[in-house]
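I have placed the structure first, in the form of structure tokens, so that the comments after it can refer back to it.
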Amino acid sequence: MKLPRRNFLHLAAGAAALPAISRIARAQAYPTQPVRIIVGVAAGGPTDILARLLAQWLSERLGQQFLVENRPGAGTNIATEAVVRAPADGYTLLFVGPASAINATLYDKLSFNFLRDIAPVAGFLRGPTVLVVNPSVPAKSVPELIAYAKANPGKLNLASAGNVTGPHMFGELFKLMAGVDMVHVPYRSGGAALSGLLGGQVQVLFDSPVVAMEHIKSGKVRALAVTTATRSDVLQDIPTVGDFVPGYEASAFWGVGAPRNTPAEIIDRLNKEINAGLADPKIKAQLADLGGTPLPGSPADFAKLIADDTEKWAKVIRAANIKAE
């Protein structure tokens, strides 16, 4: 049976439209079952708290449970590998953090390539740190700290929450760009590093503004600058490091990723709902309490952020010859 050309073209057009219609329907129906958000650190820390805040929001918005599953170990690589190997159906997501941009260079033999194998979904939060010193350090500004460090190479100890943590990397970037020599002293946690600074065992620390705030107000530590490109809402009187070290910017970021080849319609649906959360006054207030600022944007925006940070930390890791423990 031969079809008239007009009928044939009409049927062909209808058939071509079916995949698009089914994709839209799939995105509208998503999710039809619980969704796992894999987190690469143990429960209880800032990253876990953020992931649970996001999971609660998405559960309420989308009518299915978004469940946080902690998979700590290997600098978050265990969690990332689990998501890379998961079906690309939107039901296994990765809570992406600063380590994702660092590990690409730090580890030589990963079974995945983060930039290739994880599809960016949405940013969630950008978190600044504040450069604080023990009051015994004769420096009340970043230029004075740089001058003192240059006059006393190796005398200042730079504390961190552990090797290759955010505070360590922020400090190494500062050393590199300011041309100073400080000795890195890794602690087992951020709390231990702050205790070391308060006790005078170490002299310099990059720390969370929220954590350091009470000690800044009491004068037990001295805040010199924040590490973001703009001033922090919680430390509005404190300048940025970049005001004195041109081009310096360092901040932690968090967001959501999915396995490569996850349908674009599902990624767009998740992106839309996450951005709606970042505009919600209640969520914004909770993020502000954690010392961070919302990180709205498209999947492409988040992809660029991850790629830029990966390149930045690669340069620092190679220049400082940092190795994974």
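This structure is a prediction, so every number in the text was calculated from the model and none was measured.
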Take Glu273 and Leu62, measure what side-chain contact (heavy atoms from CB on, under 4.5 Å) needs, and give me the verdict at the end. CA-CA 8 Å; Glu273 296 300 344; Leu62 293 173; 3.8 Å; yes

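- Residue pairs satisfying the side-chain hydrogen bond (donor to acceptor under 3.5 Å, both in side chains) criterion with at least one member in residues 288-304, sequence neighbours excluded, are listed as follows: Ser298-Asp301, Lys304-Asp308.
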Which is it for Lys155 and Tyr148 under the side-chain contact (heavy atoms from CB on, under 4.5 Å) test, yes or no, and what are the steps along the way? CA-CA 9 Å; Lys155 184 176 180 179; Tyr148 181 78; 3.3 Å; yes

Please lay out, stage by stage, how Val137 and Leu145 fare under the test side-chain contact (heavy atoms from CB on, under 4.5 Å). CA-CA 8 Å; Val137 177; Leu145 176 66; 4.2 Å; yes

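- Salt-bridge formation is not detected for the pair Glu69/Arg52: no Lys NZ or Arg NE/NH1/NH2 atom is positioned less than 4.0 Å from an Asp or Glu carboxylate oxygen.
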I'd like to know whether Glu172 forms a salt bridge (charged side-chain N to carboxylate O under 4.0 Å, His left out) with Arg318, so could you lay out the CA-CA distance, the side-chain angles of the two residues, the decisive distance to 0.1 Å, and finally the verdict. CA-CA 11 Å; Glu172 292 293 347; Arg318 294 185 184 117; over 6 Å; no

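- With values rounded to the nearest 0.5 angstrom, Thr47 atom OG1 is found 10.0 Å from Asn70 atom CG.
- Contacts classified as salt bridge (charged side-chain N to carboxylate O under 4.0 Å, His left out) and involving residues 84-113 (residues at least two apart or in different chains) are given here: Glu81-Arg85.
- Pro259 and Pro87 make their closest contact through CG-O, 3.8 Å (heavy atoms, listed as atom of the first residue, atom of the second, distance).
- Hydrophobic clustering places Ile38 together with Val96 (ILVMFWY residues linked when any side-chain heavy atoms are closer than 4.5 Å, directly or through intermediates).
- Criterion: ILVMFWY side-chain heavy atoms under 4.5 Å apart, direct or through other members. Under it, Ile306 and Ile267 are not part of a common hydrophobic cluster.
- Counting heavy atoms from C-beta outward, Val35 and Leu67 have side chains that stay 4.5 Å or more apart.
- At a threshold of 4.5 Å between non-hydrogen side-chain atoms, the residues Val83 and Ile118 count as touching.
- Separating the CG atom in Asn77 from the CG atom in Leu110 is a distance of 5.0 Å, to the nearest 0.5 Å.
- Phe124 is listed as a side-chain neighbour of Phe95, based on a closest heavy-atom distance under 4.5 Å.
- Distance alone, capped at 3.5 Å, is enough to place a donor-acceptor pair between the Thr165 side chain and the Gly162 backbone.
- With sequence neighbours excluded, the residues satisfying ring-ring contact (aromatic ring centres under 6.0 Å, His included) with Tyr91 are Tyr30.
- Here the side chains of Asp207 and Leu131 are not in contact, with every heavy-atom distance at 4.5 Å or above.
- Here Leu205 contributes atom CG and His215 contributes atom NE2; the two are 10.5 Å apart, rounded to the nearest 0.5 Å.
- Judged purely by atom type and a 3.5 angstrom limit, Lys140 has no side-chain atom pairing as donor or acceptor with the backbone of Leu224.
- Inter-residue side-chain proximity for Thr80 and Leu94 is flagged as met; some heavy-atom pair is nearer than 4.5 Å.
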Can you list, pair by pair, the side-chain donor-acceptor contacts under 3.5 Å of residues 177-204, counting residues two or more places apart and other chains?
| residue | atom | partner | partner atom | Å |
| --- | --- | --- | --- | --- |
| Asp181 | OD2 | Gly154 | N | 3.4 |
| His184 | ND1 | His168 | NE2 | 3.4 |
| His184 | NE2 | Ser160 | OG | 2.7 |
| Ser189 | OG | Ala192 | N | 3.1 |
| Ser195 | OG | Gly191 | O | 3.1 |
| Gln203 | OE1 | Asn157 | N | 2.7 |
| Gln203 | NE2 | Gly200 | O | 3.4 |

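- When all heavy atoms of Ala42 and Asp48 are compared, the closest pair comes out as O-CB, 3.8 Å.
- Minimum heavy-atom separation, Pro128 to Gly292: CD-CA, 4.2 Å.
- Rounded to the nearest 0.5 Å, atoms CD1 (Ile274) and CZ (Arg269) are 12.0 Å apart.
- The shortest non-hydrogen separation linking Val132 to Ala223 is CG1-CA, 3.9 Å.
- For residues 217-236, the side-chain hydrogen bond (donor to acceptor under 3.5 Å, both in side chains) pairs, not counting sequence neighbours, are Thr129-Thr227.
- With rounding to the nearest 0.5 angstrom, the CG atom of Leu156 is 10.5 Å from the NZ atom of Lys175.
- A continuous path of Ile, Leu, Val, Met, Phe, Trp and Tyr side chains, each step under 4.5 Å between heavy atoms, connects Val256 with Ile49, placing both in one hydrophobic cluster.
- Using a 4.5 Å cut-off between side-chain heavy atoms of Ile, Leu, Val, Met, Phe, Trp and Tyr, with links allowed through other members, Met169 and Trp254 fall into different hydrophobic clusters.
- Between Tyr248 and Leu173, the closest side-chain pair of non-hydrogen atoms falls below 4.5 Å.
- Contact record, Gly255 with Phe302: CA-CZ, 3.5 Å, taken as the closest heavy-atom pair.
- Proximity of Leu278 to Lys284: side-chain heavy atoms (C-beta onward) are nowhere separated by under 4.5 Å.
- A search for ring-ring contact (aromatic ring centres under 6.0 Å, His included) contacts involving Phe170 returns Trp313, not counting sequence neighbours.
- For the atom pair CD (Gln65) and CD1 (Ile37), the distance works out to 10.5 Å, reported to the nearest 0.5 Å.
- Nearest heavy atoms, Ala104 versus Thr310: CB-CG2, 3.9 Å.
- The shortest distance between side-chain heavy atoms of Leu93 and Thr262 does not fall below 4.5 Å.
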Do Trp57 and Ile283 pass the side-chain contact (heavy atoms from CB on, under 4.5 Å) test, and can you show the C-alpha distance, the side-chain angles, and the key distance before you say yes or no? CA-CA 8 Å; Trp57 170 261; Ile283 297 289; 4.0 Å; yes

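- The same ILVMFWY cluster, assembled from side-chain heavy atoms under 4.5 Å apart, contains both Phe112 and Leu115.
- Within the 3.5 Å criterion, the main-chain N or O of Asn271 finds a donor-acceptor partner in the side chain of Asn275.
- Under a 3.5 Å cut-off, the side chain of Gln64 and the backbone N or O of Thr32 do form a donor-acceptor pair.
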